[in-house]
Undergrad: 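Can you read through this structure? Questions will come right after.
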There are 2 protein chains.
Amino acid sequence: MAEAAQRRVQHAEQRGTRRDAQEAILDAAEQVFAENGFHGATTRAIADQAGANAALIHYYFGSKEALFETVFARRAGAINAERRARLATLRAQGQPSLEQVLDALLRPTVALGHDPTRGGAHYARLVAHVAQGTDARSRRLTGDSYDAIARRFIEEIAAAVPGLDRVQAVHAYLNTIAIGIALMAPTGRAQALMAPCPAPSETLDEGLARSVRFIAAGIRALAAPD
Amino acid sequence: MAEAAQRRVQHAEQRGTRRDAQEAILDAAEQVFAENGFHGATTRAIADQAGANAALIHYYFGSKEALFETVFARRAGAINAERRARLATLRAQGQPSLEQVLDALLRPTVALGHDPTRGGAHYARLVAHVAQGTDARSRRLTGDSYDAIARRFIEEIAAAVPGLDRVQAVHAYLNTIAIGIALMAPTGRAQALMAPCPAPSETLDEGLARSVRFIAAGIRALAAPD
DNA sequence: GTCTATAGTTCGATAGAC
DNA sequence: GTCTATCGAACTATAGAC
């Protein structure tokens with residue numbers, strides 16, 4: 001059949017120029033899961049997006065569930081490694097300011113959302129989805145990938161703000177993440193609410209600086225006696 | 001068949017003491033949609049939760065999609081009416097403070113999450129889910145139910161904080177809602193991060209006051225020249 | 001490794017008895 | 001209005017050719 005033959009040729013061409021099918025599936029899954037959630041995504045849609053076959057997903061990952069958890073955990077290590085590296089650089093110069101700590105926490109994830117070339121934006125939306133989930137799997141995945149880094153930053157926040165106790169530092173961290181998650185999910189709400197005025201275009205640094213300023217003032221208000 | 005007869009008797013008993021089947025379905029749908037999202041929820045699970053039949057959902061609402069939109073819009077009117085009433089009460093006493101405006105915005109929804117008796121908490125989780133969604137339906141539902149009230153509160157925030165321009169007021173509102181949404185979704189993250197120390201129990205007023213203090217300081221920092 | 005074909009299940013929705 | 005029964009479609013996952 002000419003149709004199948006053409007598909008084979010096309011596929012052979014891709015094999016040389018493109019990355020592994022396994023990685024293509026992970027990238028495609030990142031996008032489809034981010035757009036539709038776990039239940040709304042189908043293995044067929046992921047396979048189509050990857051230019052692969054649905055059966056390959058089970059060959060490589062065993063199940064849709066295992067694929068989802070692999071996708072979620074894949075970038076977490078890199079994000080948290082960058083956060084730790086930024087903290088280490090700051091610590092080498094003495095006690096970092098609260099603003100510096102918050103920038104180290106938020107920048108690696110917010111930068112993903114602004115990544116124009118690759119799928120980091122999809123992961124950002126996926127994290128936003130899972131972090132807000134109340135089901136058992138969402139809690140487990142969030143805890144496994146982000147509990148350790150959370151505790152580290154809670155300590156750093158407490159160290160950067162005299163008079164902030166542990167309970168307040170936990171809330172400071174959670175408020176920071178809440179705003180960070182909202183920044184990552186491109187709901188188009190800011191543009192909608194500024195209409196009919198055009199929303200001013202904003203660089204990553206400008207948006208991040210505004211959020212850091214907002215959060216830092218909020219955290220210091222938690223520590224102030226009144 | 002005795003089994004069917006018994007079910008009919010049971011049902012007849014319920015008819016007197018319980019509310020309409022239609023309302024029971026809405027309450028059940030609120031819970032099941034909140035726990036599993038739109039795609040993860042099934043009409044059968046909703047019907048079981050409501051003690052009704054799956055066919056009734058289509059009889060009353062036409063489709064799963066229409067049921068979802070009905071559930072989402074049901075409480076929005078009441079929430080926003082309460083917000084407007086609180087604003088009116090404040091306005092009758094002169095220009096309200098930023099803290100008073102933020103309390104009027106957050107309290108009606110956060111109070112839902114603390115409702116111990118019935119399904120307000122489920123709606124809170126549902127709103128959190130939809131507000132973070134990036135798909136077309138989530139954007140439309142959010143806009144239809146919450147755009148008008150958002151613009152009203154953006155004006156109030158700007159009026160309460162001298163020097164805050166419109167763009168900054170929009171971001172102030174969005175940051176407020178981001179923290180409000182995080183407050184509504186009981187992810188158990190605060191308890192997890194405070195472990196092994198026991199999380200101090202907190203009343204609605206205490207938690208709300210802390211969030212308002214945090215947000216108000218953040219918003220004022222947006223208006224400050226440096 | 002990658003494909004086609006399909007098994008087995010579950011879904012949303014409908015028809016029709018009562 | 002509310003039920004039972006069921007349809008057709010879509011899903012995850014697997015079997016087996018290549």
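Any value given below was found using the heavy atoms of this structure, including those in side chains, with hydrogens, waters and symmetry copies removed. Numbered from 1 within each chain, the chains take letters A, B, ... in sequence-line order.
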Undergrad: Please state how far atom CZ in F61(B) lies from atom P in dT2(D), giving the value in whole angstrom units.
TA: 11 Å

Undergrad: T42(A) side chain: which of dG1(D), dC11(D), dT2(C) is closest?
TA: dC11(D)

Undergrad: For the residue pair R125(A) and T134(B), confirm or rule out a side-chain donor-acceptor distance under 3.5 Å.
TA: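 A pair is found: one side chain offers a donor N or O, the other an acceptor, under 3.5 Å apart.
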
Undergrad: Which is true for A47(A) with a 4.0 Å heavy-atom rule: it touches a base, it touches only sugar-phosphate, or it touches nothing?
TA: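 If one applies the 4.0 Å heavy-atom cut-off, A47(A) turns out to touch nothing in the nucleic acid.
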
Undergrad: Look up atom CD1 in I179(A) and atom CD1 in I179(B), then write down how far apart they are to the nearest 0.5 Å.
TA: 4.0 Å

Undergrad: Listing request: all side chain to side chain donor-acceptor pair (under 3.5 Å) pairs with a residue in residues 102-111 of chain A, at least two apart in sequence or in separate chains.
TA: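 Residue pairs passing side chain to side chain donor-acceptor pair (under 3.5 Å), neighbours aside: D103(A)-R107(A), R107(A)-D205(A).
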
Undergrad: Grab the CG-P distance between N36(A) and dA10(D) for me, whole Å please.
TA: 16 Å

Undergrad: Just report the end-to-end axis angle for the helix from dG1(C)-dC18(D) to dC18(C)-dG1(D), five pairs per end, to 10 degrees.
TA: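 That helix has its two terminal axes inclined by roughly 10°.
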
Undergrad: So, F153(B) versus Y173(B), ring centres under 6.0 angstrom or not?
TA: no

Undergrad: Taking OH from Y60(B) and P from dA13(C), how many angstroms apart are they, rounded to a whole number?
TA: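 That distance rounds to 18 Å.
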
Undergrad: Could you state the atom-to-atom distance from CD1 of I57(B) to P of dT2(D) in whole Å?
TA: 13 Å

Undergrad: Considering only residues two or more places apart or on different chains, which pairs with a residue in residues 38-50 of chain B satisfy side chain to side chain donor-acceptor pair (under 3.5 Å)?
TA: Q31(B)-Q49(B)

Undergrad: Shorter than 3.5 Å, N or O on both sides, protein versus nucleotides 13-15 of chain D: list them out with atom names.
TA:
residue, atom, partner, partner atom, Å
dA13(D), OP2, H58(A), NE2, 2.9
dA13(D), OP2, K64(A), N, 2.8
dA13(D), O5', H58(A), NE2, 3.4

Undergrad: Starting at CD1 of I25(A) and ending at P of dG1(C), how long is that distance when rounded to a whole Å?
TA: 13 Å

Undergrad: Output the rounded distance in Å from CG (L56(B)) to C1' (dA15(C)).
TA: 15 Å

Undergrad: Across the strands shown, which category fits A66(B) at heavy-atom distances under 4.0 angstrom: base, sugar-phosphate, nothing?
TA: nothing

Undergrad: Do any pairs count as a side chain to side chain donor-acceptor pair (under 3.5 Å) and have a residue in residues 58-68 of chain B, sequence neighbours left out, and if so which ones?
TA: E65(B)-R137(B)

Undergrad: Give, for atom OG of S211(A) and atom CG of L106(A), the distance between the pair rounded to the nearest 0.5 Å.
TA: 7.0 Å

Undergrad: Please work out which of the three classes, parallel, tilted or perpendicular, describes the rings of F33(A) and F38(A), given edges at 30° and 60°.
TA: parallel

Undergrad: Can you list every pair that meets salt bridge (charged side-chain N to carboxylate O under 4.0 Å, His left out) and has a residue in residues 183-194 of chain B, with sequence neighbours left out?
TA: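 The answer is D147(A)-R189(B).
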
